[in-house]
Amino acid sequence: MNPLFEAVYEVQEATMMAGRAFRRAASKPHYFREIVTQMDLIGVGSILIIVLTGAFTGGILALNTAPTLKTFGATAKTGQLVMTSLVREMGPVLASLMLAGRVGSAIAAELGSMVVSEQVDAMRALGTDPIKKLVWPRLLALMVMCPALTLLADMVGSVGGWAVSSSLLGVPSSVYIRSAKDALTYNDLIGGLVKPLVFGFIIAIVSCRAGLRTHGGTVGVGRSTTQSVVLSDILILATDFFLQKVIQVFS
C-alpha cells in the first residue's frame with residue numbers, strides 16, 4: 001500500500017475506533033473494575049517515574065535560568081521562570097512522554113499479544129466487544145490520570161527548583177516562593193491541564209490501535225510496541241505546538 005494511503009487509512013481507523021469507544025461508553029456492561037484497574041496500573045504505577053522526572057526537571061530549570069538572571073540582577077524571578085516553564089510546557093510534555101514510553105508501550109504489547117494469541121477473536125466469538133472491553137478502560141484511565149500525573153510533576157518540579165535555588169544558587173526561599181506564586185495565571189493552569197488531557201487521549205488511541213493491528217507473531221508485537229511509542233511521542237510534540245498556539249490566541 002502507498003505510504004500516504006496507509007497513513008490516511010490508519011488515521012481513519014484510529015478515529016473510528018475512538019468514536020466507537022466514546023459512543024459505546026454509556027451502554028452496559030460498564031467494566032468499572034477494569035477501569036479502576038487501568039487507573040491503578042497507569043496512575044499509581046507511574047508515580048515514581050513522574051516524581052523523578054518532575055524533580056530533576058525543576059532542578060535543571062533553576063540551575064540553567066538562575067545564572068542568566070544573575071547577570072541582569074533578576075535572580076528573584078527564578079521561581080517565576082521555573083513555574084511558568086513547568087506548568088506551560090515542561091510538565092505536560094515530559095510527563096506525557098514518560099507515559100508514552102511506560103504505559104503506551106505496555107498497552108500496545110498487551111493488546112498485540114492478545115491479537116496474535118487469538119484472544120481478541122475469542123472475545124468477539126463470545127459476544128464481547130473488544131473496543132468496549134479493551135480500548136475504553138485504557139482510554140478513560142489515560143485521560144484521567146495523565147492530567148493528574150502532570151499536576152504531580154508540576155508540584156514536585158516546583159519543589160525541585162526551590163531546593164536547587166535555595167541550596168546551590170543562594171536565592172532566598174521567601175523570594176522564590178513569592179515569585180512562583182505570582183507567575184501563574186488562570187490561562188496557564190487551564191492550558192496545563194488541557195494539554196495532558198489531549199496527550200492522554202493520543203497515547204491511548206495510538207497504543208490501542210497499534211496493538212489491535214498487530215500481525216506477524218511475536219515479531220509483530222515488538223514492532224507494534226516500537227511504533228506506538230515513536231508515533232505517540234511525535235504526535236505529542238506536534239500537538240503541543242498547535243495547542244500552545246491556540247492558547248496564546250485565546251489568552
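Because only heavy atoms are used, hydrogens play no part in the values below, and waters and symmetry mates are left out as well, while side chains stay in.
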Contacts of Asp233 that satisfy salt bridge (charged side-chain N to carboxylate O under 4.0 Å, His left out) - sequence neighbours left out: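 For Asp233 there are no salt bridge (charged side-chain N to carboxylate O under 4.0 Å, His left out) partners, ignoring immediate neighbours.
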Looking at [Y], is its backbone amide N or carbonyl O close enough to the side chain of [X] to form a donor-acceptor pair, meaning the two atoms are under 3.5 Å apart?
X	Y	value
Tyr31	Lys133	no
Arg88	Met83	no
Arg178	Gly79	no
Thr84	Gln80	yes
Ser167	Ala163	yes
Ser232	Val229	no
Ser228	Ser207	no
Asp40	Val36	no

To the nearest 0.5 Å, what is the distance between [atom1] ([X]) and [atom2] ([Y])?
X	Y	atom1	atom2	result
Thr37	Phe32	OG1	CZ	13.0 Å
Leu63	Leu168	CG	CG	7.0 Å
Leu86	Asp154	CG	CG	6.0 Å
Trp136	Ser27	CH2	OG	10.5 Å

Shortest non-hydrogen separation from Val82 to Gly157 and the atoms involved: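 Here Val82 and Gly157 meet closest at CG1-O, 4.4 Å.
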Answer yes or no: is there an ion pair linking Lys195 with Glu89, defined by an N-O contact shorter than 4.0 Å?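 Here Lys195 pairs with Glu89 in a salt bridge, since their nearest N and O are under 4.0 Å apart.
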If the threshold is 4.0 Å, N to carboxylate O, is there a salt bridge linking Glu34 and Lys132?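 Result for this pair is no, no salt bridge flagged.
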Salt bridge (Lys or Arg N to Asp or Glu O under 4.0 Å) between Arg124 and Glu118, intermediate numbers included: CA-CA 10 Å; Arg124 291 194 179 97; Glu118 299 182 351; over 6 Å; no
Please tell me if the side chains of Leu111 and Cys208 come closer than 4.5 Å, counting only heavy atoms from C-beta onward.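 Yes, side chains in contact.
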Does any part of the side chain of Leu134, heavy atoms only, come nearer than 4.5 Å to the side chain of Met114, both counted from C-beta?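 A side-chain contact under 4.5 Å exists here.
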Step by step, work out the salt bridge (Lys or Arg N to Asp or Glu O under 4.0 Å) result for Glu6 and Arg213. CA-CA 13 Å; Glu6 184 176 0; Arg213 69 185 290 271; 3.8 Å; yes
Polar side chain donor-acceptor pair, Arg33 to Gln38, under 3.5 angstrom: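 No pair is found: no donor N or O on one side chain lies under 3.5 Å from an acceptor on the other.
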Same apolar cluster (I L V M F W Y, side chains within < 4.5 Å links), Ile203/Val198: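 Yes: a chain of side-chain contacts under 4.5 Å links Ile203 to Val198.
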